[in-house]
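To start, the structure under review is shown below, and the notes come after it.
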2 protein chains.
Amino acid sequence: MSMRSRSVVTIADVARACGVGTMTVSRVINGKKHVSEAMVRRVEEAIARLNYQPNEAARTLKGRTSRTLGLIVPSLSDPFFSQCAHAVQQVAAEQGYMTMLFACEASHSVEAEELSQMRSRNIAGILIVPSSENSMEQLKELRRSGMPVVMMDRTIAGIDAGEVMVENLEGSFRATNHLIDHGHRRILCVGYDREYNSIGQRMDGYRKAMQTAGLQPQYLLVKRGVPVGPRVVAALRAVKPPTAIFSLNNVTSVAVLSALKREKIRIPEQVAMVGFDDFELASLLAVPLTAVRQPAAELGRQATRMLIDSLRSGSGNQQMSARIVLPTELILRQSCGCEPLAQITPLD
Amino acid sequence: MSMRSRSVVTIADVARACGVGTMTVSRVINGKKHVSEAMVRRVEEAIARLNYQPNEAARTLKGRTSRTLGLIVPSLSDPFFSQCAHAVQQVAAEQGYMTMLFACEASHSVEAEELSQMRSRNIAGILIVPSSENSMEQLKELRRSGMPVVMMDRTIAGIDAGEVMVENLEGSFRATNHLIDHGHRRILCVGYDREYNSIGQRMDGYRKAMQTAGLQPQYLLVKRGVPVGPRVVAALRAVKPPTAIFSLNNVTSVAVLSALKREKIRIPEQVAMVGFDDFELASLLAVPLTAVRQPAAELGRQATRMLIDSLRSGSGNQQMSARIVLPTELILRQSCGCEPLAQITPLD
DNA sequence: CTGAAAGCGCTTACAG
DNA sequence: CTGAAAGCGCTTACAG
């Protein structure tokens, strides 16, 4: 690796420059008391002059844990997760923590690899949007060894970790009721998978609303990777077609919207639509989408605070039973059948 | 920090379990030769049984540089950057590197802090979408101390670093020409800032096209943070209003689109539009946006490869003059005035 | 093919 | 208030 001379300045150099022991320099760096004012100034001057930067690896090696948080999200291309990640990073930075961010692509082998990387890098704590039951064992073991963990957006049962969720059931319930209020009786619930409890809760909210109204729930669920668009179109061409669609997440909403556009099926005249998960451009679409807005940034913020709190209280080995559930909000636009000017709420 | 017992298993434990020296275990881990097959098996079995994970901090401390790449982007909420970041992470992971991802929020103080964090964490190399001239000094110093650096999307002069850019000038030239071909003579170039060379190149492409056609360039540039929407609307209400708009990036495009919608100004009838930077929902908008597509993922991929190459060749202390420029593509939709069915190209 | 020793840069008790 | 010594977990020469 050639003769890298990077970060040549060590604590010993600073100590030498001041004619003191390394201990004294260390104390100054770490803001410890028991150092005379004059000495503090002398050392700080030398640190500045030599442009000394403590070597984090060495600190970590002693302290056993670095001031770094690990964050695992399924993907960075989903704006929901990127907003969330963004918030995590901000709060962490404010509190003096760095964030190592990983996208696992919803693959459990990638997720597993990342978790093991985190362990070997002495991460202080983990924030995760869990993607796979398969990583559960690893997460459990991490918890057992005292690593604080907070799950966000969705959770996996049987893991003693902090949880920050969103009111999935309530949001879906309200969204579905809104469609029912518009007079719809055959409402199709469309989504990509039921493997996460967040999605499960959304389905429950939909079902509850339908049953409360004496209506028959109807589902169109496909495996991840299978295009929903064509299936939805087919469903709309059946004998007694649904007159409205409730979509379980933004990826599905976009897919459905694309398919409807391709087939020139008009919204809300031929089929009304409400989606779970709002996004920036929802109000600029051909038909502005009525959607359940989730507080993505707030989710990240709260989760980060929870994790840092448990780090500070040193409760790594204790139970991490904290649980926060954040409210969702139904943003009315036109895809549900509301009047164009009823309420134009751009995201942001 | 209570009695954390994390990662108790060390190389010494494994060595003891096998009745060998730590050196032998180290050799097995690092895939070194000079170890007997039988020994390799014995050690690997012990590693698996004890669930041993090498401590990265200790390795780093010895090797002076960790197998971690630092990535700084202005923001994660801009899909262009998040796609880019995503690609970086994938390529890095394939090559056995982790990525530390930071969003600097286009603030040079944040950027500076992140750069200094990277140094103290023995990052192997840096990938950066530079946000501020102010961090230039720091970047230069990092280079001087042998840290490989690759700038992507935009570059700052005077820094000896690898560069991966996009054909900004060519893309803008083609986009502007397309509007001219539609018969427009008064085309307004709208954007948020000219502080980056990428934006400068786009403006140059626009100007070149205008001048070549014997037309007068017209600019509407506002400082970051100042809303462009109202200004554009005002410009459209002037005496000889522009009949077309060329927007310099996606943030601006969305802002303009919102303003036009709010004012019920029809596209492309009242004003045509082409934007630099394509995005997923561009084809589902009320008026599908004609846009210059940049290869975001490819940008990240190439930059990462360039960085890792220079890491491998140990050329940290040498010149890093590699430079790659990737092509852009004009995606025709309807906002420019093309026929609805001319070419419907959804992103992805 | 295998191992004992030294040291990476820092901090943690322990003395003065 | 200040410092010398030991050690965190690993790898790098150097021997055998």
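So that the names make sense, note that chain A is the first sequence line, chain B the second, and so on, each numbered from 1.
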Among residues at least two apart in sequence or on other chains, which ones pass side-chain hydrogen bond (donor to acceptor under 3.5 Å, both in side chains) with A:Q89? none
Round to a whole Å and report the spacing from CD1 of B:I11 to P of C:dG7. 19 Å
Rounded off to whole Å, could you give me the CD-to-P distance for the A:E37 and D:dC1 pair? 10 Å
What is the distance from CZ of A:R16 to P of D:dT2, rounded to the nearest Å? 19 Å
Which dot-bracket string describes DNA chain C (Watson-Crick N1-N3 plus N6-O4 or O6-N4, or G-U N1-O2 and O6-N3, all under 3.5 Å; [ ] crossing; | other strand)? |||.||||||||.|||
B:S26 vs D:dT11: side-chain N/O to OP1/OP2 distance below 4.0 Å: yes
Can you name the salt bridge (charged side-chain N to carboxylate O under 4.0 Å, His left out) partners of A:R301, sequence neighbours left out? A:E298
If I take atom CG from residue A:L127 and atom CG from residue A:D153, how far apart are they, to the nearest 0.5 angstrom? 12.0 Å
When rounded to whole Å, the CG to P distance for the pair B:L61 and D:dT11 reads 11 Å
Scan nucleotides 3-6 of chain C against the protein and return all N/O pairs shorter than 3.5 Å with their distances rounded to 0.1 Å.
from	atom 1	to	atom 2	distance (Å)
C:dG3	OP2	B:G21	N	3.1
C:dG3	OP2	B:T24	OG1	2.5
C:dG3	N7	B:R27	NH2	2.8
C:dG3	O6	B:R27	NH1	3.4

Report the distance from atom NE2 of B:H34 to atom C1' of D:dG16, rounded to the nearest whole Å. 15 Å
List in chain and number order the residues that pass side chain to side chain contact (heavy atoms under 4.5 Å, CB included) with A:E195, two or more places apart in sequence or in another chain; answer none if no residue qualifies. A:D193, A:R224
Should B:E56 and B:R59 count as an ion pair when the cut-off is N to O under 4.0 Å? yes
Run the salt-bridge test on A:E37 and A:R41 with the 4.0 Å N-O cut-off and return the result as yes or no. yes
Is the phosphate of D:dC8 approached by B:T10 (side-chain N or O, under 4.0 Å from OP1 or OP2)? no
Please state whether the phosphate of C:dT11, meaning OP1 or OP2, lies under 4.0 angstrom from any side-chain nitrogen or oxygen of A:R59. yes
Using whole Å, what does the distance between atom P of nucleotide D:dC8 and atom CD of A:E56 come to? 20 Å
Of B:V150, B:L307, B:L142, B:L69, which meets side-chain contact (heavy atoms from CB on, under 4.5 Å) against B:I126? B:L142
Side chain to side chain contact (heavy atoms under 4.5 Å, CB included) partners of A:M23, counting only residues at least two apart: A:S26, A:R27
side-chain contact (heavy atoms from CB on, under 4.5 Å) test vs B:V164 passes for just one of B:Q302, B:R305, B:R323, namely B:Q302
Look at A:N55 and C:dC8 and indicate whether a side-chain polar atom (N or O) is within less than 4.0 Å of OP1 or OP2. no
